[in-house]
Novice: 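Structure provided below as structure tokens; questions to follow.
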There are 2 protein chains.
Amino acid sequence: MTTARRSDATRAAILEAARERFAEDGYERATIRAIARDAAIDPSMVMRYYGNKEGLFAAASEIDLDLPALGGLPARHIGAVLVTHFLDRWERDDVLTGMLRVGVTNTAGAERMRAVFAEQLGPIARGVCPDPAEAPRRAALVASQVLGMALARYVLRLPPAVEMSTDEVVAWLGPTVQRYLTDPEP
Amino acid sequence: MTTARRSDATRAAILEAARERFAEDGYERATIRAIARDAAIDPSMVMRYYGNKEGLFAAASEIDLDLPALGGLPARHIGAVLVTHFLDRWERDDVLTGMLRVGVTNTAGAERMRAVFAEQLGPIARGVCPDPAEAPRRAALVASQVLGMALARYVLRLPPAVEMSTDEVVAWLGPTVQRYLTDPEP
DNA sequence: AGCGTTGGCCAACAAGCGTTGGCCAACAGT
DNA sequence: ACTGTTGGCCAACGCTTGTTGGCCAACGCT
């Protein structure tokens, strides 16, 4: 077991600043110098602790969608529950917005997103959709709608998407997600 | 009327190279030097003709979704027609992928996207949805699903989304878009 | 008290960026 | 043929970036 180091606070501060900057500015415009300034330390410390910018990004983008277990749930409510959860998760902090920003411009970021959805949304789809072999496709459909709304609402900020209440979003997207997961193939 | 200049070919070459680079790399990583190299001219020419990088981007991102007139169409096919058209438009060239990439990291890019969807998708929604006052919201919902699929399929390249045929995508997304446009509010 | 280890800053590097201004050849009008 | 205009390249500028290595103070152990 590893004992606590004196530098752990600094490491954490760097990571937090990095997450914020990556989320706000995307990979290229989030400079190590700006991150270091936010964390109130010298840029060289970032290098010392995380090797290089890619390493920092890898450390800063460990993402947990934190999806709920859907075990005892009535099958026909899954869509609404899932959309509700995604909205919550998206508004809790800006890690997911960051993932989206970085995934779009950076190869490593895109790879990370593929992994996150395959590992965390895939199993859920496998649990509820009619034919487990179709689970990846159905998960991708759900991802397309959920990510699309996140894009419109939190990144592009299309005014009508921003103005909708979370209840309205759930009412509109819930049935869509529900259909993608549980309806027979069209 | 303005007469043709000798430099028009160069101007066009720059614009084409710019579109490609912006689409592939996003705003920051699409450097003027790289664009000039692609167009086989000197970087300073880009400045001469387009003022600065922002001006070049503005000129390179004049976007036409080229949406069809839906006049005589049976109302219940609108969803499928629209999705089909978007897929076509998206695969015809990489202007839209570029718009997406840049819209995510660049303020001017996001602004451009808001304008494009408000001006080109808005009117269509106004024409077919029950209450014209709800048109912007419904257009935003359609945008969220269409952009989300584009994101998953052409930018993040989630494998299941890439592997689906266009027919399958239309079969799944068509009803969603249809519902967003014409169903009564939930 | 002495000494190795750790945490941190400073100064600098090479590379790449957007951008500028000057120079030269090819053209067009007279 | 002469001259003004246009199209183009070259070389440089000031700046920012990621990254490196050396130096110093604070700590923890014996």
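In what follows, every chain begins at residue 1, and chains take the letters A, B, ... in the order their sequences are listed.
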Novice: Between P on D/dT19 and CZ on A/F57, what's the gap in Å once rounded to a whole number?
Specialist: 15 Å

Novice: Enumerate, in order of first residue number, the stems that involve DNA chain C, defined as 3 or more consecutive Watson-Crick or G-U wobble pairs with both distances under 3.5 Å.
Specialist: C:1-30 with D:1-30

Novice: Who pairs with A/F57 by ring-ring contact (aromatic ring centres under 6.0 Å, His included), at least two apart in sequence or on another chain?
Specialist: A/F22, A/Y27

Novice: Restricting to nitrogen or oxygen on both sides, can you table the protein-nucleotides 19-24 of chain C pairs closer than 3.5 Å?
Specialist:
residue	atom	partner	partner atom	Å
C/dT19	OP2	B/K53	N	2.9

Novice: Test of understanding: with side-chain contact (heavy atoms from CB on, under 4.5 Å), list the residues that count as partners of A/T107, not counting sequence neighbours.
Specialist: none

Novice: Could you give the CZ-to-P distance, from A/R37 to D/dT16, as a whole number of Å?
Specialist: 10 Å

Novice: Just to verify, what does A/D42 make a side-chain contact (heavy atoms from CB on, under 4.5 Å) with, not counting sequence neighbours?
Specialist: A/S44, A/M45

Novice: Please confirm whether B/R11 makes a cation-pi placement over B/Y49, using NZ or CZ under 6.0 Å from the six-membered ring centre and within 45° of the ring normal.
Specialist: yes

Novice: Mapping B/M45 and A/A30 onto DNA chain D by nearest heavy atom, which one lands closer to the 5' end?
Specialist: B/M45

Novice: Take the protein atom CD1 of B/I35 and the nucleotide atom P of C/dC17, then report the distance between them rounded to whole Å.
Specialist: 11 Å

Novice: List the atom of B/P184, the atom of A/W172, and the distance in Å for their closest heavy-atom pair.
Specialist: O-CH2, 4.2 Å

Novice: A/L151 versus B/L100: any side-chain heavy-atom pair under 4.5 Å?
Specialist: yes

Novice: Would you kindly give the CG-to-C1' distance between A/D25 and D/dT17, to the nearest whole Å?
Specialist: 15 Å

Novice: Rounded to whole angstroms, how far apart are CD on B/E28 and C1' on D/dG18?
Specialist: 16 Å

Novice: Please classify the nucleic acid contact of A/Y49 as base, sugar-phosphate, or nothing, using heavy-atom distances under 4.0 Å.
Specialist: sugar-phosphate

Novice: What residues form a salt bridge (Lys or Arg N to Asp or Glu O under 4.0 Å) with A/R19, not counting sequence neighbours?
Specialist: none

Novice: Applying side-chain hydrogen bond (donor to acceptor under 3.5 Å, both in side chains) to A/T182 and A/R76, what does each step give before you reach the verdict?
Specialist: CA-CA 8 Å; A/T182 61; A/R76 70 184 154 293; over 6 Å; no

